[in-house]
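Notes to accompany the following structure.
Residue numbers count from 1 along this sequence.
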Amino acid sequence: FSVTGTITLGSTLPTITATNANITLNGPGPKAKSLIVQGNNNFTLMYVTGSGTNLTINKLAFTKGSSSLNAGAIEFDNAGTLTINDSEIYGNAYGGLNLVIYSIGASAININRSSIHDNVTGTNYVDAIQSDGATFTLTNSTLYNNHVGLYIDSGNATITNSTFENNGGSGIWNVAD
């Protein structure tokens, strides 16, 4: 069975707290916006924590997530590897200082052939991705119309064939040095 269209959430998806698990979420494709996970600008859409937990997201879109603390769309803490393929994350973080994807204590973040854009609203400062401690890889992706495209608090980053455009504060802010 295949679901397309928009799934509007009334609250955050249940927290994924598995340990040493490999979880894959597949959208129907062929494009990310074939299936959109949408919030109401009042909560984080997805929260994952658990030692060694690996999450792969394929061909999904996330929008209208928000948090006054950390991530509006996806928070991935103290876990294994977060991999996002062929996906679109846009229109998140409608309040205060905010992040769209936030990771602390994860092993790695890999983003491939994806777009993270238009996550700035009014005078809010919105970082598309904040990586704290993870090895970060961005390949064939675009980050545009955010306050900061990529904020590296600690860890290493490899960026290949990717575009940063119209990110108001900066494309890449590396405070790890």
Side-chain angles (χ1 to χ4, degrees), residues 1-16 23-49 55-77 79 82-104 106 109-131 134 136 138-151 162-171:
F1 104 91
S2 181
V3 175
T4 60
T6 301
I7 298 172
T8 302
L9 305 175
S11 63
T12 301
L13 290 167
T15 299
I16 298 172
I23 300 166
T24 301
L25 303 175
N26 289 315
K31 297 181 179 182
K33 285 188 176 178
S34 295
L35 181 58
I36 301 168
V37 178
Q38 175 178 288
N40 63 7
N41 299 320
N42 289 316
F43 51 83
T44 300
L45 301 177
M46 176 180 288
Y47 181 70
V48 179
T49 184
L55 174 64
T56 300
I57 297 170
N58 297 312
K59 298 179 183 173
L60 288 172
F62 293 87
T63 190
K64 295 188 180 180
S66 185
S67 170
S68 60
L69 297 174
N70 293 327
I74 302 167
E75 186 161 343
F76 194 77
D77 293 343
L82 170 63
T83 302
I84 299 173
N85 299 313
D86 307 302
S87 294
E88 192 168 348
I89 301 170
Y90 65 98
N92 292 283
Y94 280 85
L97 180 62
N98 214 316
L99 311 164
V100 178
I101 298 172
Y102 175 70
S103 175
I104 185 168
I109 300 171
N110 303 310
I111 299 177
N112 305 297
R113 301 170 310 279
S114 295
S115 178
I116 302 170
H117 63 92
D118 295 308
N119 292 296
V120 174
T121 57
T123 59
N124 296 340
Y125 297 101
V126 181
D127 298 347
I129 304 164
Q130 181 171 339
S131 175
F136 180 84
L138 183 72
T139 306
N140 297 323
S141 297
T142 56
L143 282 76
Y144 64 94
N145 294 343
N146 304 291
H147 177 68
V148 172
L150 171 61
Y151 181 97
S162 296
T163 302
F164 292 80
E165 186 176 6
N166 292 331
N167 293 294
S170 63

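Two residues are said to be in side-chain contact when any heavy atoms from C-beta on lie closer than 4.5 Å; Ile74 and Ile57 meet this criterion. Using a 4.5 Å heavy-atom threshold, the side chains of Phe43 and Leu9 count as touching. Side-chain contact between Ile84 and Asn110 is absent, with no heavy atoms from C-beta onward closer than 4.5 Å. The closest side-chain heavy-atom distance from Val100 to Phe62 is not below 4.5 Å. Side-chain contact check for Met46 versus Thr44: every heavy-atom pair is 4.5 Å or farther apart. Considering only heavy atoms from C-beta on, His147 stays 4.5 Å or farther from Asn167 through its side chain. Residues Ile111 and Thr139 fail the side-chain proximity criterion, which asks for heavy atoms closer than 4.5 Å. Between Thr49 and Thr15 there is a side-chain heavy-atom pair separated by less than 4.5 Å.
Not counting sequence neighbours, Phe136 has no partner by the ring pair (Phe, Tyr, Trp, His ring centres under 6.0 Å) test. Considering only residues two or more places apart in sequence or on other chains, Tyr151 meets the ring pair (Phe, Tyr, Trp, His ring centres under 6.0 Å) condition with Trp173.
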Residues 30-39 side chain polar contacts: donor-acceptor under 3.5 Å, at least two apart:
unit_1 : atom_1 : unit_2 : atom_2 : d
Ser34  : OG     : Gly29  : O      : 3.0
Ser34  : OG     : Lys31  : O      : 3.1
Gln38  : NE2    : Thr8   : OG1    : 3.4

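Taking every heavy atom of both residues into account, Asp86 and Arg113 meet most closely at OD1-NE, 2.8 Å. Between Leu60 and Ser87, the shortest heavy-atom contact is O-CB, 3.0 Å.
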I'd like to know whether Glu88 forms a side-chain hydrogen bond (donor to acceptor under 3.5 Å, both in side chains) with His117, so could you lay out the CA-CA distance, the side-chain angles of the two residues, the decisive distance to 0.1 Å, and finally the verdict.
CA-CA 8 Å; Glu88 192 168 348; His117 63 92; 2.6 Å; yes
